[in-house]
Structure formats: C-alpha cells, structure tokens
Enquirer: 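One structure, as structure tokens, below. Some questions next.
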Amino acid sequence: MDSFHAHTSPFQLEGQFLGFISKSDGHFKSIRLAIGERELQVKLDKGLRHSGTFGLAAGDWISISGQQQFNSSFTKLKLKAYQVNRLSCNLSCKTSETLTNSAPSSTVSGSGRKKGKILLCNKSDCANHGGKELHQILEKTLGQLGLSDHVTIEKTSCQKRCSKAPNLILMPGKARHSKPNPKSIDNLIRDHYCNDNSCSS
Ligand code: FES
C-alpha cells in the first residue's frame, strides 16, 4: 500500500473553477479546477466542505492553497485544499474584478447570496411521486429566503434516478438530491445558496 505521509509540502494553484464534486449528503467533497487544458480535482478539507460557504460560479478565476502529499515512490499525488479564494468573477458577474494574487476579491467564506438554478426532474416518475409538491415547496422556500431573484427553478427531463423520485440538482455544484424531506428543504437551500446570515429568516 502506498504511503502518502512521508512527502508533504504546501501548494498554491490558480485556475478556472469548473464545479464541485458532491457527496450523497449534498456537501462538497472536491473542487474541480482547470489549469490550461488540464483538469485537477482537489479534495476539500472538512472545514471547507459545507456547501453554504461557497459562492463560486463556473468560470470564476480562483486560487487554491493547501497541502500536497506524494506517495513513497513519488508516482502518485494527493492534493488537499485548506483555502479557496476567488480572484475574479466569470462573465456573468455584475462587477468586474481585477485578477490579483495578493488581494483576492472574495473568499469562499464571504457573505452574499449565491446565484444559481435548481434542476427539477419533470418526467412522470418524479412528477407523480412528489415532484409537483416539491416544486411548490421550492418556490415558497426561495421566496421566504429572499432568493427568488437569485435562484431559478428549471424543469428537466429524466435525471436517470427514477426509483428515487423526486429528483433535483442544485447548481452550481451539481449537488444531487433525491426524495428530499419537505422539512429539510429550507436547510438544503440555505446550505447551498446562502452565506451565513445573507438570507431572510
Ligand atoms: S423520471 Fe425523474 S429521474 Fe427519471
């Protein structure tokens, strides 16, 4: 078995944010970064995994710092992120921000509501197994949290998880959820689109 403990050193990378890889509970596990033509996946430290702490959109220019660990033969590398900074926004950002290494314009723990969309499966298995009610609850919750102008609901075709209907995906981040408990929707939305106290209570 490879040992990843002997060769550890800090790293800092800059590139374009592509998205997150989520765990089944909806929290982010890794972050996807494009550097030139190459894509890297960097595991997030536990403190960064709570999805509500992110306000990134695909295309944002970001820097990631953390620790890299090589195995004993230097043939495998693991990257773990301890800090993610947004350096500049993608084209959909309202304010243009200057790319700088020394003064990042915002960090993942910054405040503000996140823009995004909810992809709600509208095919019959989902629609007939709670999807319509889920749509109403989502709309109501977005309104209550003051997110109606930030987060849209988009109906989709089959998301290939029909046995777990109803299904939805929270964007950005592609966080997939199945059969969400109606009582958990408020927390689900807050976790994904609100930073700290940025949403109405
Ligand atoms: S019908 Fe919704 S996932 Fe297939």
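Computed over heavy atoms, backbone and side chain alike; hydrogens, waters and symmetry mates excluded. Order of listing sets the numbers, starting from 1, for every ligand and every atom in it. Since the model is a prediction, treat every value here as computed from it, not as a measurement.
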Enquirer: Using a 4.0 Å cut-off to any heavy atom of Arg161, which atoms of ligand 1 qualify?
Expert: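 Under 4.0 Å from Arg161, ligand 1 has these atoms: 3 (S).
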Enquirer: Going by the order shown, which atoms of ligand 1 are within less than 4.0 Å of some heavy atom of Asn167?
Expert: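 Per the distance check, 3 (S).
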Enquirer: What is the SG(Cys126)-atom 2 (Fe) of ligand 1-SG(Cys121) angle, to the nearest 10 degrees?
Expert: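 The two atoms subtend 100° at atom 2 (Fe) of ligand 1.
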Enquirer: Is there a path of hydrophobic side-chain contacts, each under 4.5 Å between heavy atoms of I/L/V/M/F/W/Y residues, joining Leu120 to Leu147?
Expert: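 They do share one cluster, since a chain of ILVMFWY contacts under 4.5 Å joins Leu147 to Leu120.
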Enquirer: Below 30° counts as parallel, above 60° as perpendicular, anything between as tilted: where do the rings of Phe28 and Phe20 land?
Expert: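 The rings of Phe28 and Phe20 lie parallel, inter-plane angle below 30°.
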Enquirer: Taking the side chain as everything from C-beta on, heavy atoms only, tell me whether Lys78 gets closer than 4.5 Å to Lys43.
Expert: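 Lys78 vs Lys43: side chains apart.
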Enquirer: Val151 vs Leu145, test: side-chain contact (heavy atoms from CB on, under 4.5 Å). Steps then yes/no.
Expert: CA-CA 11 Å; Val151 181; Leu145 295 177; over 6 Å; no
Enquirer: Pair Thr141, Leu188 - check side-chain contact (heavy atoms from CB on, under 4.5 Å), show working.
Expert: CA-CA 10 Å; Thr141 307; Leu188 208 67; over 6 Å; no
Enquirer: If the cut-off is 4.0 Å to any non-hydrogen atom of Cys162, which atoms of ligand 1 fall inside it?
Expert: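 So the answer, numbered in order with elements, is 1 (S), 3 (S), 4 (Fe).
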Enquirer: So if I count the atoms of ligand 1 from 1 in the order they appear, which ones are less than 4.0 Å from some heavy atom of Lys123?
Expert: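 Going through ligand 1 atom by atom, the ones under 4.0 Å from Lys123 are 1 (S).
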